[in-house]
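Everything on this sheet refers to the single structure shown next.
Order of the sequence lines fixes the chain letters, A, B, ..., with proteins taken first and strands second; residue numbering starts at 1 for each chain. Nothing here was measured: the structure is a model prediction, and the numbers come from that model.
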Amino acid sequence: MPELPEVQTVVNTLRPRVRGRTIRDVRLTRDDVLTPAGVDFARLIEGRTVAEISRRAKRIVFTLDDGQRFYIHLGMSGRLTVQPPDDPLPRHTHLLIGLDAEPALELRFTDPRRFGGIWWLGVAPDEDGVVGPEPLTVRPAQLARRLARTTRAIKNALLDQSVIAGLGNIYVDESLFAAGIHPLTPANTLTTEQVKGLNRAIKSTLRRALRHRGSTLRDYRDADGNAGGFQSLHRVYGRAGEPCRACRSAIQRIVLGGRSTHFCGNCQPR
DNA sequence: GTCCATGTTCTTTA
DNA sequence: CTAAAGAACATGGA
């Protein structure tokens with residue numbers, strides 16, 4: 001659910017409330033949200049201070065004062081909030097971290113669908129798994145090199161986190177519209193000029209979404225519980241049948257890689 | 001009951 | 001063998 005703009009907004013709202021605070025008590029109410037299984041997560045983090053909170057791809061990375069790290073992925077329906085411990089506890093809250101604050105604060109991870117979770121990294125210098133470059137800083141030549149390696153539709157290639165990290169279904173559709181590229185275009189057939197335009201479109205789309213604190217379709221909230229505001233500015237995502245904001249022709253919806261894909265057949269010709 | 005959902009990973013097919 | 005397509009995961013809302 002949350003893509004780069006939403007995850008970054010969570011990090012931005014989390015940081016001033018959590019960084020520098022000491023972890024008092026940890027409650028993991030079901031252990032299958034933790035990877036690897038069997039890690040004594042509470043013992044590892046209790047008494048530690050949160051040195052930094054950052055984002056890599058769609059992961060929210062916590063760095064502790066002893067240099068150990070873990071990350072939380074929100075999956076499709078995850079929320080990470082900071083609130084007073086006596087606030088009513090929502091269903092499907094799997095992790096509660098009590099923080100040393102006056103008045104007391106609690107970091108909560110809630111995720112009904114449980115596609116998200118907590119991954120313990122320890123002091124491993126490398127990140128786990130293959131994660132592509134960050135879309136806000138990737139250079140056009142680097143993006144071109146990675147797209148040239150696959151014949152897949154550009155929509156599917158951009159959703160692949162090992163090709164480029166942080167994009168999801170909303171921002172791939174929005175970026176392809178902004179670049180005027182049809183989602184079915186084979187990734188390796190894009191011209192150098194098209195990749196340059198796509199690179200610019202991705203960056204401007206993400207920056208605009210960040211300014212509006214992400215998109216809330218249903219579940220997404222930042223760490224303070226606030227919804228995003230970008231959803232009303234989507235140009236194609238979720239607008240099937242509605243007029244294109246540029247040319248008034250009807251936005252089309254097809255299924256690609258099992259995901260809804262929205263585009264303007266006129267502004268994004270094949 | 002049906003279909004759909006901001007994601008990732010495992011399995012099957014080509 | 002590899003790349004790509006498809007299924008699966010779990011819950012809830014329309």
Side-chain angles (χ1 to χ4, degrees), chain A residues 1-11 29-30 32-37 55-60 71-80 90-94 109-119 127-132 135 146-177 183-189 202 205-206 208-210 212-222 226-241 253-262:
Chain A
M1 76 160 320
E3 309 179 28
L4 185 149
E6 292 77 34
V7 176
Q8 185 65 55
T9 301
V10 171
V11 167
T29 60
R30 58 182 301 155
D32 63 349
V33 296
L34 179 65
T35 307
R55 180 193 58 76
R56 172 71 174 113
K58 297 172 189 169
R59 303 167 175 182
I60 300 165
Y71 70 83
I72 292 180
H73 196 297
L74 300 176
M76 290 279 260
S77 59
R79 285 187 192 179
L80 204 50
R91 290 184 68 189
H92 308 297
T93 298
H94 310 308
F109 173 57
T110 305
D111 183 15
R113 292 172 75 178
R114 270 181 284 133
F115 290 173
I118 305 141
W119 279 261
E127 50 201 3
D128 69 322
V130 189
V131 185
R146 303 178 80 83
L147 293 177
R149 292 201 302 238
T150 180
T151 61
R152 279 180 297 173
I154 185 64
K155 159 88 187 209
N156 293 336
L158 293 177
L159 280 176
D160 184 339
Q161 300 297 294
S162 71
V163 173
I164 185 166
L167 299 178
N169 212 29
I170 295 176
Y171 297 107
V172 168
D173 283 5
E174 293 296 314
S175 297
L176 287 174
F177 174 83
L184 282 171
T185 311
N188 64 343
T189 66
I202 289 169
T205 299
L206 293 178
R208 224 155 48 86
L210 277 164
H212 293 274
R213 306 165 58 86
S215 305
T216 295
L217 302 187
R218 183 168 50 230
D219 300 303
Y220 167 69
R221 294 290 185 281
D222 68 17
N226 296 315
F230 192 62
Q231 59 282 355
S232 59
L233 298 175
H234 292 170
R235 292 166 172 166
V236 288
Y237 185 86
R239 299 192 65 243
R253 176 187 179 277
I254 60 174
V255 175
L256 256 185
R259 319 295 302 277
S260 300
T261 298
H262 314 76

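Nucleic acid contact for A/R149: none, since no nucleic acid atom lies under 4.0 Å from a heavy atom of the residue. Across all strands shown, A/T216 has heavy atoms under 4.0 Å from base atoms, whether or not it also approaches the sugar-phosphate. Across all strands, A/Y171 comes closer than 4.0 Å to no nucleic acid atom at all (heavy-atom distances).
Between C/dC1 and B/dT9, the distance separating the two P atoms is 23 Å to the nearest Å.
Partners of A/F115 by ring pair (Phe, Tyr, Trp, His ring centres under 6.0 Å), not counting sequence neighbours: none found. Taking A/A227 as the reference, A/T216, A/R221 meet the side-chain contact (heavy atoms from CB on, under 4.5 Å) condition, with sequence neighbours excluded. Under the side-chain contact (heavy atoms from CB on, under 4.5 Å) criterion, A/S175 pairs with A/I202, A/T205, not counting sequence neighbours. With sequence neighbours left out, A/R149 forms a side-chain hydrogen bond (donor to acceptor under 3.5 Å, both in side chains) with no residue at all. For A/H73, there are no ring pair (Phe, Tyr, Trp, His ring centres under 6.0 Å) partners at least two apart in sequence or on another chain. Take A/Y237 and apply the side-chain hydrogen bond (donor to acceptor under 3.5 Å, both in side chains) test, not counting sequence neighbours, and it matches no residue. In this view, A/E174 satisfies the side-chain hydrogen bond (donor to acceptor under 3.5 Å, both in side chains) rule with no residue, not counting sequence neighbours. In this structure A/R56 satisfies the side-chain hydrogen bond (donor to acceptor under 3.5 Å, both in side chains) test together with A/E127, A/E134, sequence neighbours excluded. The ring pair (Phe, Tyr, Trp, His ring centres under 6.0 Å) search around A/F177 returns none, not counting sequence neighbours.
One can place CG of A/L217 at 16 Å from P of B/dC4, the figure rounded to the nearest angstrom. If you measure from atom CG of A/D160 to atom P of B/dT8, you get 10 Å, rounded to the nearest angstrom.
Remark: DNA chain B takes part in the stems B:2-5 with C:11-14, B:7-14 with C:2-9, each of 3 or more antiparallel Watson-Crick or G-U pairs, criterion distances under 3.5 Å.
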*Using a 4.0 Å cut-off on protein heavy atoms (strictly under), produce a 5'-to-3' string for nucleotides 9-14 of chain B with B for base contact, S for backbone-only sugar-phosphate contact, and - for none.*
------
_Protein proximity profile, nucleotides 5-14 of chain C - base contact B, sugar-phosphate-only contact S, no contact -, cut-off 4.0 Å on heavy atoms_ = S---BBBBS-
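In terms of phosphate contacts, A/R259 brings no side-chain nitrogen or oxygen within less than 4.0 Å of OP1 or OP2 of B/dT8. The shortest distance between the side-chain N/O atoms of A/T150 and the OP1/OP2 oxygens of C/dA3 is not below 4.0 Å. Between A/Q161 and B/dG7 there is no side-chain polar atom (N or O) within less than 4.0 angstrom of OP1 or OP2. An OP1 or OP2 oxygen of C/dA4 is reached within less than 4.0 angstrom by a side-chain nitrogen or oxygen of A/T151.
A 4.5 Å side-chain heavy-atom check between A/D173 and A/R235 finds every atom pair outside the cut-off.
Residues A/S260 and A/R253 have side chains that bring a donor and an acceptor to within less than 3.5 angstrom of each other.
Comparing A/H262 and A/H73 by the nucleotide of DNA chain B that holds the closest heavy atom to each, the one mapping nearer the 5' end is A/H262.
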